[in-house]
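This report refers to the structure that appears directly beneath it.
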Amino acid sequence: MTNKLRADLVAMLALLTFVITGILTPVEALSGFSNSVVIMIAGLFIIGAGIYRTGLAQMAGTLLLRYSGESESRLFVLLLVIVASVGAFMSNTGTVALMLPIVISIAMSIKSSPSKYLIPLSYMASFSGLLTLIASPPNLIVSQLLVDNGYEKLGFFQITPIGIIGVVVGIVYLYVVSNKLLPSSSASSTTNGYASLATKQLAIDYELGGKLFKVKVPEGSSLVGKRLAQLKIPATYHLCILKISRKSVEGMNLMPMTYQEMAGPNSVIQERDRLYIQGSAANLEKFIQAFGLVREEATSETEELVSKQLGIAEVLLTPHSKLINETVRSINFREKYNLNILGINRQGEFVVKDMSKQKLRFGDAILVQGAWDSIELLSKETRNVVVIGQPKEHASVASASGKAAIAGGIMALIVLLMVLEVFPAVISVLIGAALMILTGCVRNMDDAYGQINWESILLIGAMLPMATALENTGGMVLLSEGIIQLLGGVGPMGVLAGIFFLTMLFGQFISNTATAVLFAPIGMSAALSIGVSPYPFLMAVAVGASMAFSTPVASPTNALVMTAGNYKFKDFVKIGVPLQFIMFIVMMIAIPLLFPLK
């Protein structure tokens with residue numbers, strides 16, 4: 001709570017303390033990291049990255065903004081209703097992971113802080129777990145316990161009235177406190193938006209407009225079959241061929257693909273190639289006339305220079321760079337780094353003509369173009385150059401562009417697999433994560449690993465064994481006996497309130513699944529010992545286990561939004577504690593009415 005140590009470090013220190021004091025064995029202590037919830041969260045980070053990178057999140061956000069109009073309040077309420085609807089058919093963790101990139105995209109679109117939306121997103125996902133039987137593990141746990149003790153299991157929508165009450169109360173509360181208690185600090189996640197803007201700005205800054213042309217090589221052109229080194233185009237025509245675009249003719253060619261490669265000395269020109277050329281219009285006309293080429297309209301400098309394979313980046317020279325006082329031609333930049341130099345920014349003046357003769361100076365910024373992999377390799381040449389921005393992020397966004405429909409299909413498949421329970425939830429998520437990588441929605445495995453928030457993974461994995469520690473020390477038996485002794489004299493309502501409150505309290509520190517596993521038998525035992533129906537007592541456990549609002553470790557969803565929203569421990573306390581007490585009062589009225597004690 002003091003926030004002097006990071007939450008994941010605190011969780012790891014607690015785990016080590018349990019082992020050192022003999023409360024947990026090393027195997028028990030590390031069991032959390034093999035828990036399906038931890039694996040599922042890692043997979044959901046990859047799925048979330050695919051949704052964001054392909055632009056699906058932005059499309060969903062735009063659609064939502066269209067229906068909400070210009071009212072931020074209407075947007076807030078509509079967003080929570082959608083979260084509750086999605087969460088009714090899949091886990092709260094899955095709901096938050098899928099909605100997280102959409103919510104961040106919407107916040108960026110309206111120039112608002114994501115931190116105003118992410119705690120409400122997490123809380124509403126928890127409420128949505130009460131809308132259907134499959135929406136939350138505690139529901140399934142209490143239903144199975146009823147069957148094990150000879151009672152009828154809960155119906156698919158039997159818990160729904162409780163969930164609707166929770167959703168309505170939650171939306172009203174969060175709407176009231178949204179501008180008073182929710183922080184408005186900017187989130188670290190919003191930096192992803194830079195990737196789509198930077199390349200456009202670079203093209204403008206270096207005054208590339210009107211200096212990039214596209215020509216087609218027709219059949220019979222004298223260029224066909226020639227290597228660029230033979231043609232000496234820069235020396236003869238003062239033009240630079242930047243890249244070559246051609247249709248694939250490999251395999252069965254059922255779906256011809258367009259491939260782009262950076263033009264180099266060994267590039268061989270083929271029929272129907274499209275050449276992207278930098279230079280003046282007058283020199284271009286001479287080149288076209290000499291080789292019988294066909295000029296085509298270039299879409300825009302940014303779109304032509306940036307693709308799935310190729311991109312642009314700005315590079316600064318370091319004070320001790322070996323490139324200083326060398327000409328572009330003498331350092332063989334293209335041959336050495338496999339990159340083209342498009343322009344030089346020299347103290348605000350942009351040099352784009354006769355660059356091969358220019359001597360590079362300290363303080364120069366260079367605009368380079370080529371394969372994303374080559375740009376990433378250049379970024380490792382830290383002694384000579386510094387690559388500005390995030391080339392990996394730019395490459396990932398470019399690679400995933402145009403694949404929003406694929407990402408949407410994968411997301412729909414995950415939801416369908418979860419609703420139909422074809423596989424365990426964790427397997428459905430891992431299938432989705434694998435498909436995101438295989439289809440290129442996430443660029444590659446390195447990119448996938450980079451998208452996982454390891455702080456959240458460590459935090460949750462280290463906190464899960466706490467339930468085992470409580471069980472090993474006899475803490476749960478002590479609680480069960482204490483509740484009946486303390487509140488048994490008050491009557492069934494007193495015992496019900498005690499079980500609900502303790503379930504809710506322990507749910508702030510251990511997962512809702514672990515809380516339900518521990519308290520469901522206590523609720524069943526208490527109901528049978530005082531001779532009343534076990535249904536309201538087990539509903540109290542299911543609902544109480546889902547009321548995890550007051551700490552960031554109370555739920556995986558809270559841990560997920562903590563980093564993305566730049567929240568502190570105290571933010572969850574000041575927003576969650578009042579909500580806990582409100583829900584306690586509301587549920588103590590609603591549960592006995594919907595599930596009578598007798």
Side-chain angles (χ1 to χ4, degrees), residues 1-15 17 41 76 79-80 83 92-93 96-97 99-100 103-104 107 112-127 166 169-191 453-464 466 501-512 514-515 544-586:
M1 291 178 70
T2 62
N3 210 44
K4 289 183 178 179
L5 295 176
R6 272 177 39 159
D8 52 342
L9 178 58
V10 174
M12 184 54 68
L13 291 173
L15 193 68
T17 304
I41 289 172
F76 185 85
L79 187 62
L80 295 186
V83 171
N92 56 359
T93 306
V96 169
M99 293 297 295
L100 190 64
V103 172
I104 290 173
S112 181
S113 170
S115 56
K116 288 186 67 176
Y117 297 89
L118 296 184
I119 278 183
L121 165 65
S122 177
Y123 288 2
M124 193 49 54
S126 294
F127 282 123
V169 173
I171 289 175
V172 171
Y173 170 81
L174 291 168
Y175 178 79
V176 171
V177 305
S178 61
N179 291 321
K180 297 175 183 176
L181 297 180
L182 286 167
S184 57
S185 57
S186 61
S188 58
S189 299
T190 60
T191 56
N453 186 319
W454 295 105
E455 179 184 347
S456 298
I457 297 298
L458 186 63
L459 175 66
I460 297 163
M463 288 300 298
L464 284 172
M466 186 174 280
F501 185 81
L502 280 175
T503 304
M504 190 169 65
L505 179 65
F506 273 80
Q508 306 316 302
F509 304 99
I510 57 179
S511 73
N512 61 353
T515 305
S546 296
M547 300 291 108
F549 307 131
S550 298
T551 68
V553 297
S555 164
T557 60
N558 291 358
L560 275 173
V561 302
M562 185 180 184
T563 305
N566 201 22
Y567 295 119
K568 302 290 187 291
F569 194 104
K570 64 181 181 181
D571 293 323
F572 289 91
V573 174
K574 70 181 181 182
I575 300 165
V577 169
L579 182 57
Q580 304 272 181
F581 282 106
I582 291 169
M583 294 311 301
F584 176 75
I585 294 167
V586 169

Between OG of Ser126 and CG of Leu121, what distance do you get to the nearest 0.5 Å? 9.5 Å
Output the distance between atom CZ (Phe549) and atom CG (Asn558), rounded to the nearest 0.5 Å. 8.5 Å
Distance-minimising heavy-atom pair for Phe127 and Met547: CE2-CE, 3.8 Å
Can you check whether Val172 reaches Val169 side chain to side chain, under 4.5 Å on heavy atoms? no
Heavy-atom side-chain proximity of Pro114 to Val103 below 4.5 angstrom: no
Contact summary for Val561 and Ser122, nearest pair of heavy atoms: CG2-CB, 4.0 Å
Gap between atom OG1 of Thr557 and atom CG of Leu118 - 0.5 Å precision: 11.0 Å
List the steps and the verdict of side-chain contact (heavy atoms from CB on, under 4.5 Å) for Phe76 and Leu174. CA-CA 9 Å; Phe76 185 85; Leu174 291 168; 4.1 Å; yes
If the plane angle is over 60° it's perpendicular, under 30° parallel, otherwise tilted; pick one for Phe501 and Phe584. perpendicular
Atom pair CG/OH of Leu80 and Tyr175 - distance to nearest 0.5 Å: 11.5 Å
Any donor-acceptor pair under 3.5 Å linking the side chain of Tyr173 with the backbone of Ile575? yes
If you compare all heavy atoms of Pro578 against all heavy atoms of Val573, which two are closest, and at what distance to 0.1 Å? CD-O, 3.9 Å
Determine the minimum heavy-atom distance between Met504 and Gln508, stating which atoms define it. O-NE2, 2.7 Å
OG (Ser550) and CZ (Phe581) are apart, to the nearest 0.5 Å, by 8.5 Å
Which heavy atom in Ile119 sits nearest to a heavy atom in Tyr567, and how many Å separate them? N-OH, 3.0 Å
Closest heavy-atom contact between Tyr117 and Ser113? CD1-O, 3.6 Å
Would you compute the distance between atom CG of Leu458 and atom CG of Leu9 and round it to the nearest 0.5 angstrom? 8.5 Å
